[in-house]
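Order of listing sets the numbers, starting from 1, for every ligand and every atom in it. Keep in mind it's a predicted model, so treat the numbers as computed, not measured.
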Amino acid sequence: MQNYYQKEIETASREELLKIQNEKIVKQVKHVYENVPYYRNLMDKKGVKPEDIKSVDDIKKLPFLSKDDLREAYPYGLMGTDLKNCVRIQSTSGTTGKRVVAFYTQKDIDIWEECCARAIVAAGGTQDDVCQVCYGYGLFTGGPGLNGGSHKVGCLTLPMSSGNTERQIQFMMDLNATILCCTPSYAAFIGETLEEKGYKPEDNKLKAGIFGAEPWTEEMRRGIEKSLGIKAYDIYGLTEISGPGVAFECEEQSGMHINEDHFYVEIINPKTGEVLPDGEKGELVFTSLDKEGFPLLRYRTKDICILSRKKCSCGRTHVKMTKPMGRSDDMMIIRGVNVFPSQIEAVLLKEGYTPNYKIVVDRVGNNDTFDIYVEFTPGQFSDKISDIQTAEDKLKGAMRTMLGIGPKIHLVAPKSIERSEGKAVRVIDKRKLHD
Ligand code: DLL
């Protein structure tokens, strides 16, 4: 039997869906033009008026928004309503300078949680389930989003947040968790830990997992499914557009249905901005059709993927996106945290080092390793092990404060990191995250 959280809209015909989108976009553009001066300026510069937008076909006339705009308009410049109408902010993980602060009205939160509820039901969730949420709670959207979705479905919710694996396992076993929500790398780690403790997959009551927030492969999916004895479903989202639940996998496990009644999606050529047809690979762009607090239009995600409108056996009609196949910027996701090389550079300069460094990211088993090689400046150079250790620890602490995760620091002799004649290659990412 097929299960849906909101059957009517999840299985609406394309015509019905289009009608809803067309009605919403006309209202939304008018509202944004009248209430968000920052975006009104962009529209004026492009010579587009709200009257020019009569349907979603006209969206391509609108200007794009990028992370740079978000930074420029930080913190309140892209709000669509008075602060007093908002009830929550969420933010991207541990990033200074690049931090995105998104505002939500109660209606925004309800819709966001409904999107997460759709994902949970698509993974087989019902009110008989015990849903263990070990995404981080707080500013990160993972915990609050899935927590809200789990409540909406009526699952018994275990708001674990991330970390403390011993406790996660104890609760999972003692309280018979049936659905696990966390990053795929943490799911794999939980699986390994269970195995080390001598548990077999059939010893737990889990039946499904809802994993996202970072890239993962089909191979990793198979590993997690085997070690936990579950079906593992992908979920996608980003803070700017709401959080998890922008798109989610159904039982076909072959791409994620985008909640098109709330988010209009385009794929563009990241170099030219040209809109590409379904089936072509490009950058995902979202327009929120009914967000009140933070109503972004044509937001460039930097995530590269392909859309497909092939009929899905689950009965859902909403377009599917492939797993993100990479990014069109230099953002890395390490242990679930978004990291930009520019942040690392900022810490090095602040701590008195030169920006001669190399970042090496790898995956050992299912865990990300994160190493930064940094040159001592000639004045700081020491060959005393204790001095090196102290300096490495201090730099690691500064990195942790900036990034939210601590890399392993290797201080090396001045001028020992090779110089490049062209573009410096500072990041070596050895993980194979895309099939
Ligand atoms: O990661 C929201 C989220 C929480 C999604 C929990 C799923 C589950 P941000 O911290 O703003 O929000 O990071 C958004 O993470 O642009 C992608 O590059 C990446 N990302 C999110 N989901 C996936 C996924 C949350 N399923 C950025 N596969 C996005 C690959 C993903 N990458």
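The option with the heavy atom closest to atom 14 (C) of ligand 1, from among G237, A213, S91, is G237. In this structure, of I235, L284, D303, I210, the residue bringing a heavy atom nearest to atom 29 (C) of ligand 1 is D303.
Within the listing of ligand 1, atoms 9 (P), 10 (O), 13 (O) sit less than 4.0 angstrom from a heavy atom of N338. Atoms of ligand 1 lying under 4.0 Å from at least one heavy atom of Y135, given by number and element, are 6 (C), 8 (C). Distances below 4.0 Å separate heavy atoms of P215 from the following atoms of ligand 1: 30 (C), 32 (N). Close contacts between ligand 1 and P324 involve ligand atoms 28 (N), 30 (C), 32 (N) [criterion: under 4.0 Å to a heavy atom]. Of all atoms in ligand 1, listed by their number and element, those nearer than 4.0 Å to a heavy atom of T239 are 9 (P), 10 (O), 11 (O), 12 (O). Listed by atom number, the atoms of ligand 1 under 4.0 Å from T92 heavy atoms are 11 (O). Heavy-atom proximity to I333, at under 4.0 Å, picks out these atoms of ligand 1: 15 (O), 18 (O), 19 (C).
Listed by chain and residue number, nothing satisfies the ring-ring contact (aromatic ring centres under 6.0 Å, His included) test with H151 (two or more places apart in sequence, or in another chain).
Here the options are V360, D362, I334, the test is side-chain contact (heavy atoms from CB on, under 4.5 Å), and the partner is F370; only I334 passes.
Taken from CZ in F263 to CG in L296, the straight-line distance is 11.0 Å, to the nearest 0.5 Å.
Judged by the 6.0 Å and 45° rule, K67 forms no cation-pi pair with Y299.
Between C86 and G293, the shortest heavy-atom distance links the atoms SG-CA, 4.2 Å. When all heavy atoms of F211 and L180 are compared, the pair lying nearest together is CE2-O, 3.5 Å. The minimum heavy-atom distance between C305 and M321, with the atom names listed, is SG-CB, 4.0 Å.
The side chain of T141, and not its backbone, has at least one atom closer than 4.0 Å to an atom of ligand 1 (non-hydrogen atoms only; side chain from C-beta on). The proximity of E214 to ligand 1, defined as any non-hydrogen pair under 4.0 Å, is limited to the backbone.
Under the 4.0 angstrom criterion for non-hydrogen atoms, R327 is in contact with ligand 1.
With 3.5 Å as the limit, one finds a donor-acceptor pair spanning the side chains of E192 and N366.
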